[in-house]
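Working notes, structure below.
Lettering follows sequence order; numbering is per chain, from 1.
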Amino acid sequence: MPDTIRTRFAPSPTGYMHIGNLHTALFEWLYARRYEGQFVLRIEDTDEARHTPEAVGVIYEGLRWLGIDWDEGPDVGGPYGPYVQSERVELYRSYLGKLLEQGLAYECYCTPEELDQRREMMRAQGLPPRYDGRCRTLTATQKAEYCSAGQPPCIRFAAAETGTTVVHDLIQGEVPFENALMGDPVIGKTSGFPTYHFAVVVDDQLQEALGFPTPVYAHLPLILGEDKSKLSKRHGAVSVVDYAEKGFLPEAMFNFLALLGWSPGSTEEILSREEIISRFSLEACGSSPSVFDMAKAEWMNSEYMKTMPGEQLARRLLPLLQKEGLFEENPTEERLTWLAQVADLMKERAPLLTTFITWARYFFTDDYEYDEKARNKWLTKPATPATLHALAERLQVLTDWTSDTIEAEVRALAEDRGVGAGKVIHPCRSAVTGTTVGPSLFHLLELLPQETIIRRLHRAEVEFAEDRAAD
RNA sequence: GGCCCCAUAGUCUAGUGGUUAGGACUCCGCUCUUUCAAGGCGGCAGCACGGGUUCGAGUCCCGUUGGGGCCA
């Protein structure tokens with residue numbers, strides 16, 4: 001075991017960040033933090049065709065969203081830079097050259113068509129389709145011929161043809177590979193770029209050349225979709241921004257992902273970031289893939305929302321509300337305090353920030369729908385318009401707008417009419433919020449301006465009185 | 001197709017030879033409340049299969065099946 005743990009996360013900048021990649025990054029980060037080592041970010045963009053600066057930004061954002069920081073990386077630098085592979089091509093080229101010189105690699109002039117054809121033949125014969133190594137033994141004259149024909153070679157590694165290579169993996173155990181089964185892998189493309197595999201190996205092994213111990217691998221199990229196949233785009237939301245946009249709190253996602261493939265060894269489920277770091281270990285990581293269960297992820301998110309102070313929750317809600325046009329761009333301190341009160345009142349219910357906003361819409365606008373249950377069960381009842389009218393008249397004259405005074409009026413009205421309080425409460429809730437569910441009615445009324453409530457009561461009174469007249 | 005890894009309820013998992021197999025999500029009841037989408041209480045449901053080893057196997061070994069990964 002090396003004295004200093006160094007873990008590396010090496011994503012390709014593909015323009016979006018998969019939640020499975022984030023899971024991998026999290027575990028590597030946890031391991032580094034647990035043992036006070038370094039977490040290194042390296043961008044693997046040797047696939048020249050597809051890297052853009054924005055795509056690298058997506059990776060940064062995904063990691064930052066979850067609260068993962070890196071000790072070395074393209075933007076922060078570090079002693080073993082550069083940390084973007086495309087900036088290291090000269091380095092890889094020099095290693096390719098070295099291998100060629102030593103006869104450990106050779107130039108291969110086979111065309112993709114020829115290779116395909118031969119693979120097909122081998123398959124037809126029931127043989128494993130692997131490169132037959134024919135270019136290994138090309139003579140100088142043959143090479144010259146190909147060259148003059150203008151055909152650029154790729155470079156292959158002359159792999160051992162017998163024996164077994166054993167890779168030690170901290171999670172998967174000893175993983176032996178039969179050398180005979182593997183063809184000579186391409187390590188340099190015809191374009192002169194190194195292949196992904198070669199670059200990775202050079203980068204990892206370079207640490208050894210620089211006096212670090214041989215890198216040790218730990219292959220984490222993958223995340224699967226609900227149908228148990230590898231999580232991919234067709235499973236719907238898989239990119240990190242999708243979860244952020246859905247309204248997941250990063251701390252909840254952190255907790256949830258940590259528990260996917262790792263267990264603290266107890267029955268605790270809600271664990272803080274610090275607890276997770278201090279209790280993390282590779283031994284406690286499972287080695288079988290696990291399914292991403294959205295229902296449980298939402299449950300965990302709701303747990304975090306419930307325990308979060310309203311003030312803090314309000315800050316998370318604010319940008320989403322503004323985006324929906326439900327909140328002003330430059331709110332006053334007073335308005336933020338009010339939002340915190342709304343958050344406290346509603347946070348028991350919603351599983352996500354977005355559902356919170358949907359469910360709490362009536363706090364921010366008069367523009368909400370009456371849902372089916374509110375209409376059928378209360379609003380269209382014959383007595384309702386009169387009840388709403390009477391309630392509005394009583395509430396209108398209140399000089400002190402608090403849940404207590406409101407409750408007193410509501411109950412007094414019910415008593416006057418000789419009905420249970422529910423006969424006033426339910427129509428009122430339906431009229432003022434458009435729905436039959438929600439928090440304590442008197443507390444929610446208290447948080448809305450008196451005139452807003454009066455207006456909404458009258459509006460519903462008129463609308464449903466007319467409704468019946470039209471029938 | 002070859003090689004490797006894995007296998008506890010629908011899902012995430014605890015469990016390292018002797019447990020009534022524990023927890024959580026989901027689902028379903030009941031209950032409280034002015035409502036539930038919240039709270040409280042309860043329930044359904046699991047060691048993939050077949051052989052061994054052992055006094056005794058979820059736990060160890062072999063095979064089968066299934067899933068996943070890597071290679072091509």
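Atom CH2 in A:W359 sits about 7 Å away from atom P in B:A38, given to the nearest Å. Atom P of nucleotide B:C27 and atom CG of A:D293 are separated by 10 Å, given to the nearest angstrom. The nearest whole Å value for the distance from the CE atom in A:M346 to the C1' atom in B:U35 is 12 Å. Straight-line distance from the CG atom of A:N301 to the P atom of B:C25: 15 Å, rounded to whole Å. Whole-Å rounding puts the A:L444 CG to B:A38 P distance at 18 Å.
Residue contacts for A:T355: at a heavy-atom cut-off of 4.0 Å it reaches no nucleic acid atom on any strand shown. The residue A:P439 sits close to a base: some heavy atom pair falls under 4.0 Å. As judged by a 4.0 angstrom heavy-atom cut-off over every strand, A:S266 is placed among residues making no nucleic acid contact.
Going from the C1' atom of B:A45 to that of B:G51 covers 28 Å, rounded to whole Å. Spacing between B:G46 and B:G63 at atom P, rounded to whole Å, works out to 29 Å. B:A48 and B:G10: their P atoms are spaced 11 Å apart (whole Å). The same atom, C1', is picked in B:C12 and in B:C47; the two are 16 Å apart, to the nearest Å.
The phosphate of B:G39 (OP1 or OP2) has a side-chain N or O of A:K306 nearer than 4.0 angstrom. For B:U11, the OP1/OP2 oxygens have no side-chain nitrogen or oxygen of A:S290 closer than 4.0 Å.
Between A:R411 and A:E407 there is a salt bridge, since a side-chain N of the basic residue sits under 4.0 Å from a carboxylate O of the acidic one.
The residue among A:A284 and A:A421 whose nearest nucleotide of RNA chain B is located toward the 5' end is A:A284.
Here ring-ring contact (aromatic ring centres under 6.0 Å, His included) pairs that include residues 268-310 of chain A, with residues two or more places apart or in two chains, are A:F27-A:F280, A:Y243-A:F292, A:F256-A:F292, A:W262-A:F280.
The side chain of A:S288 sits closest to B:A7 out of B:A7, B:A37, B:A24. Side chain of A:R429, nearest nucleotide from B:U34, B:U11, B:G69: B:U34.
Between A:F327 and A:W338, the ring planes lie parallel to each other; the angle is under 30°, not in the 30° to 60° tilted range.
Here A:R316 contributes atom CZ and A:L249 contributes atom CG; the two are 5.5 Å apart, rounded to the nearest 0.5 Å.
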(request) Could you check A:E245 against A:K323 for salt bridge (Lys or Arg N to Asp or Glu O under 4.0 Å), going step by step and ending with a plain yes or no? (result) CA-CA 11 Å; A:E245 277 171 10; A:K323 203 175 141 203; 5.3 Å; no

